[in-house]
2 protein chains.
Amino acid sequence: MPSALILIADGTEEMEFTIPYDTLVRAGVAVQSAFVPDLKSDSPASVNPPAAKGSRGIRIIPDTYFEAANLGPQCSATDSINFKDKFDALIIPGGAKGAETIASSKDVQDLVRAYLDKKKIVGMICAGSLAALTSGLPNQPLTSHPSVKSHLDSKFEYSEDPVVVSGNLVTSRGPGTAFPFAFKLVEMLCGSGKRAEVHGPMVFPSGTPW
Amino acid sequence: MPSALILIADGTEEMEFTIPYDTLVRAGVAVQSAFVPDLKSDSPASVNPPAAKGSRGIRIIPDTYFEAANLGPQCSATDSINFKDKFDALIIPGGAKGAETIASSKDVQDLVRAYLDKKKIVGMICAGSLAALTSGLPNQPLTSHPSVKSHLDSKFEYSEDPVVVSGNLVTSRGPGTAFPFAFKLVEMLCGSGKRAEVHGPMVFPSGTPW
């Protein structure tokens with residue numbers, strides 16, 4: 001069974017987290033979410049275990065914690081996960097504040113490079129594509145939310161396609177492209193047969209271009 | 001500012017919860033989620049405050065609790081919300097198990113009838129449309145996920161359109177129709193200008209039929 005790690009932080013765009021997570025689970029992928037703490041924030045977690053407060057206020061409890069050592073004893077049990085080896089794919093959602101926290105984490109940047117070095121899949125959507133920049137990835141085709149295009153278009157071969165595949169790096173644009181982004185990840189992890197199997201019961205209107 | 005209440009239970013379809021919630025918040029609607037407990041379940045809540053475990057395993061902390069008196073002292077503070085008067089719209093997502101819990105709640109059934117009697121908007125998506133049946137709504141145009149069509153098509157004027165508007169009752173089909181469902185609710189609560197304003201930054205691929 002393929003597996004995927006999806007990162008989440010305070011300010012993550014809820015739909016860009018939920019649509020890939022849910023769609024991959026429907027395809028039989030073992031998905032785990034991991035919370036990336038904002039190390040610059042002084043405000044303590046409002047619930048225990050800490051939950052991510054999304055960009056539109058939905059609070060999501062992560063499956064585990066990234067940089068758990070920084071989160072206090074309540075999260076220490078998850079320190080033992082080897083994030084670099086355990087999963088077949090790494091997914092970084094957008095949401096301005098959440099993407100900033102995730103993309104500025106040195107440990108996440110290491111993880112992005114390690115996944116691509118090992119020919120694993122890395123998906124970034126919306127402002128999540130900023131992690132391509134902060135991780136120092138080489139110039140290649142890429143897309144993002146239009147609001148962060150100016151940070152990326154001098155360093156990458158910037159595209160406005162809904163989903164851009166560059167080797168094992170898959171990037172996408174926003175909540176409106178989250179379904180085709182998720183289906184591209186399903187196709188790469190599980191094959192196009194599985195994509196069709198998952199697509200049907202979701203009942204997209206006729207004429208939907210994915 | 002218009003307001004909306006969206007119900008959530010263990011087994012709610014995460015995308016059908018998140019897409020309307022997030023899209024309505026983007027439109028300026030004051031959205032609150034309320035957890036509906038499964039009164040038949042013996043298993044205690046795994047976290048405090050109780051969170052809903054979605055159909056694909058994403059755990060979401062509700063903003064408040066419906067039938068709070070049944071959930072123990074940790075939720076009693078929210079007993080004071082008058083659910084019948086406080087909101088302009090009521091939304092019931094799908095997910096087989098979650099929809100069963102929500103649709104079989106007598107208090108939810110009362111709420112559905114009260115909202116429609118007061119000319120407030122009621123949205124149901126996927127298996128959430130079963131609440132139209134359990135609430136005893138009169139025969140009228142309606143849709144649902146295909147998997148529950150056989151429960152509904154002898155009692156309602158069943159349609160396979162992605163979104164069906166019957167007076168103030170709005171029904172829809174599944175995760176694949178959650179965006180057009182959410183935009184229809186935005187249009188009814190906030191007008192078509194707001195719909196266009198919210199739609200643009202979500203960056204749907206060209207040719208998307210909503």
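We name chains A, B, ... by the order of the sequence lines, and we start the count at 1 in each one.
Among B:Ile19, B:Thr23, B:Asp22, the residue with the largest count of heavy-atom pairs under 4.5 Å with chain A is B:Asp22. Between chain B and the options A:Val25, A:Thr18, A:Ile60, the largest number of non-hydrogen pairs under 4.5 Å is found for A:Thr18. Of the listed residues (A:Ser33, A:Pro175, A:Pro146), the greatest number of heavy-atom pairs within a distance under 4.5 Å of chain B belongs to A:Pro175.
Taking every heavy atom of both residues into account, B:Gly174 and B:Ile125 meet most closely at O-CD1, 3.5 Å. Annotation for B:Phe35 and B:Pro62: closest pair CB-CG, 3.5 Å, computed over non-hydrogen atoms.
In this structure, B:Phe17 and B:Tyr21 have tilted ring planes: the angle between them lies in the 30° to 60° band.
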If you apply the rule side-chain contact (heavy atoms from CB on, under 4.5 Å), what do you find for B:Val31 with B:Ile6, and how did you get there? CA-CA 7 Å; B:Val31 184; B:Ile6 180 164; 3.9 Å; yes

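With a 4.5 Å cut-off on non-hydrogen atoms, B:His145 touches chain A through its side chain but not through its backbone.
Contacts from residues 149-164 of chain A to chain B, taken as heavy-atom pairs separated by less than 4.5 Å, involve A:Pro162 in sequence order. Of residues 201-210 of chain A, those residues with a non-hydrogen atom less than 4.5 Å from any non-hydrogen atom of chain B are, in numerical order, A:Pro201, A:Met202, A:Val203, A:Phe204, A:Pro205, A:Ser206, A:Gly207, A:Thr208, A:Pro209, A:Trp210.
For B:Phe83 and B:Phe66, the ring centers sit closer than 6.0 Å to each other.
Each of B:Leu24, B:Leu5, B:Ile8 was scored for a side-chain contact (heavy atoms from CB on, under 4.5 Å) with B:Ile91, with one residue passing: B:Leu24.
Taking the charged nitrogens against the carboxylate oxygens, B:Glu14 and B:Arg59 have no contact shorter than 4.0 Å, which rules out a salt bridge.
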Which donor-acceptor pairs under 3.5 Å do side chains of residues 190-198 of chain A form with protein atoms, sequence neighbours excluded?
{"unit_1": "A:Lys194", "atom_1": "NZ", "unit_2": "A:Glu197", "atom_2": "OE2", "d": "2.9"}
{"unit_1": "A:Arg195", "atom_1": "NH1", "unit_2": "A:Glu187", "atom_2": "OE1", "d": "3.0"}

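With sequence neighbours excluded, no residue forms a salt bridge (charged side-chain N to carboxylate O under 4.0 Å, His left out) with A:Lys84.
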